[in-house]
Amino acid sequence: TITITITITITMSECKTKVDAEYPDVTAKVLAFGSCHKNSKAAKRNQPIIWDAISALKPDAFLWAGDTIYTSQKSGISPLDLIQEEYTQMATNETLGYSNFISNSNSKKKGHGYLKGGVHGTWDDHDYGA
């Protein structure tokens, strides 16, 4: 058994902007990481849903490491409505599995109720449509 303890201290006293969210006081034993989610590939038939595998781990927190979505546009900057559509599909299309991952994490059913530390991430060029 390997135990890794990560302590993150965020000091906001010098920050002049409002904090997006309060960080919960959670001891995270299982962290899940992910990136490069492409809705068109995630929706292929007869293919395992990656979010089911991640759910089975019952992570205490999930960290997006960039490229949360990709749009179908092959070059240039994607229009805002196309970016919004990809995020909406990811959040609502049950076939992709992400909406089930999020809803199961908040479920009171036996075996569910993970992600007490929330979902966090960083964004890069693809997340902004470039």
Side-chain angles (χ1 to χ4, degrees):
T1 301
I2 298 174
T3 302
I4 299 173
T5 303
I6 300 173
T7 303
I8 300 173
T9 304
I10 301 173
T11 305
M12 300 301 292
S13 61
E14 296 179 26
C15 184
K16 295 181 181 178
T17 60
K18 186 177 178 182
V19 177
D20 293 312
E22 293 295 324
Y23 284 90
D25 185 14
V26 173
T27 299
K29 294 181 180 179
V30 179
L31 296 174
F33 297 83
S35 67
C36 304
H37 188 274
K38 192 166 188 175
N39 291 340
S40 62
K41 288 190 177 185
K44 289 189 176 181
R45 293 181 185 201
N46 301 320
Q47 179 175 318
I49 297 174
I50 189 66
W51 297 108
D52 291 345
I54 296 169
S55 292
L57 298 172
K58 296 184 178 33
D60 296 312
F62 184 85
L63 307 171
W64 280 106
D67 294 344
T68 306
I69 56 100
Y70 288 102
T71 66
S72 57
Q73 188 159 320
K74 299 293 182 202
S75 64
I77 296 176
S78 298
L80 187 57
D81 60 334
L82 184 56
I83 296 167
Q84 182 61 47
E85 176 60 26
E86 291 295 326
Y87 279 113
T88 299
Q89 281 296 312
M90 189 172 145
T92 60
N93 185 337
E94 290 184 10
T95 304
L96 301 175
Y98 185 73
S99 63
N100 294 331
F101 170 68
I102 296 300
S103 65
N104 286 342
S105 72
N106 297 319
S107 175
K108 302 296 182 200
K109 293 179 190 176
K110 185 178 179 182
H112 296 287
Y114 46 90
L115 289 181
K116 294 175 183 91
V119 175
H120 307 280
T122 184
W123 292 268
D124 64 9
D125 58 341
H126 289 114
D127 300 299
Y128 290 105

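Given the structure is predicted, the values throughout are model-derived calculations rather than measurements. Sequence positions, counted from 1, serve as the residue numbers for this chain. Only this structure's heavy atoms are used, side chains among them; waters, hydrogens and symmetry mates stay out.
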**Item:** Spacing of CD belonging to Glu85 relative to CG belonging to Leu80, to within rounding of 0.5 Å
**Value:** 12.0 Å
**Asked** So do the side chains of Ile102 and Val119 get within less than 4.5 Å of each other, counting heavy atoms only?
**Response** yes
**Prompt:** Below 4.5 Å, heavy atoms only, C-beta onward: do Thr68 and Tyr98 meet side chain to side chain?
**Reply:** no
**Smallest separation among heavy atoms of Ile49 and Gly97, with atom names** = CG2-CA, 3.7 Å
**Complete:** Closest heavy-atom pair, Leu96 versus Gln89, reported as atoms and distance to 0.1 Å, is CD1-O, 3.4 Å
**Asked** Looking at CD1 of Ile77 and OG1 of Thr71, how far apart are the two atoms once the value is rounded to the nearest 0.5 Å?
**Response** 11.0 Å
**Request:** Give a yes or no on whether the backbone of Thr88 and the side-chain of Gln84 come within a donor-acceptor separation of less than 3.5 Å.
**Result:** no
**Request:** Would you name the heavy atoms of Ser99 and Ala91 that are closest together and state the gap between them?
**Result:** CB-O, 3.0 Å
**Fill in**
Value for NZ (Lys116) from NZ (Lys29), rounded to nearest 0.5 Å, stands at 10.5 Å
**Asked** Closest heavy-atom contact between Asn100 and Glu94?
**Response** ND2-O, 3.5 Å
**Prompt:** Can you get from Leu63 to Leu57 by hopping between Ile, Leu, Val, Met, Phe, Trp and Tyr side chains that sit under 4.5 Å apart?
**Reply:** no
**Prompt:** Do Tyr114 and Ser55 have a side chain donor and acceptor closer than 3.5 Å?
**Reply:** yes
**Prompt:** Looking only at heavy atoms, what is the nearest atom pair of His37 and Trp64, with distance?
**Reply:** CB-CH2, 3.9 Å
**Request:** Check Leu115 against Phe62 and note the closest heavy-atom contact, atom names and distance.
**Result:** CD2-N, 3.6 Å
**Asked** Would you say the side-chain atoms of Asp60 pair up with the backbone N or O of Val30, donor to acceptor, closer than 3.5 Å?
**Response** yes
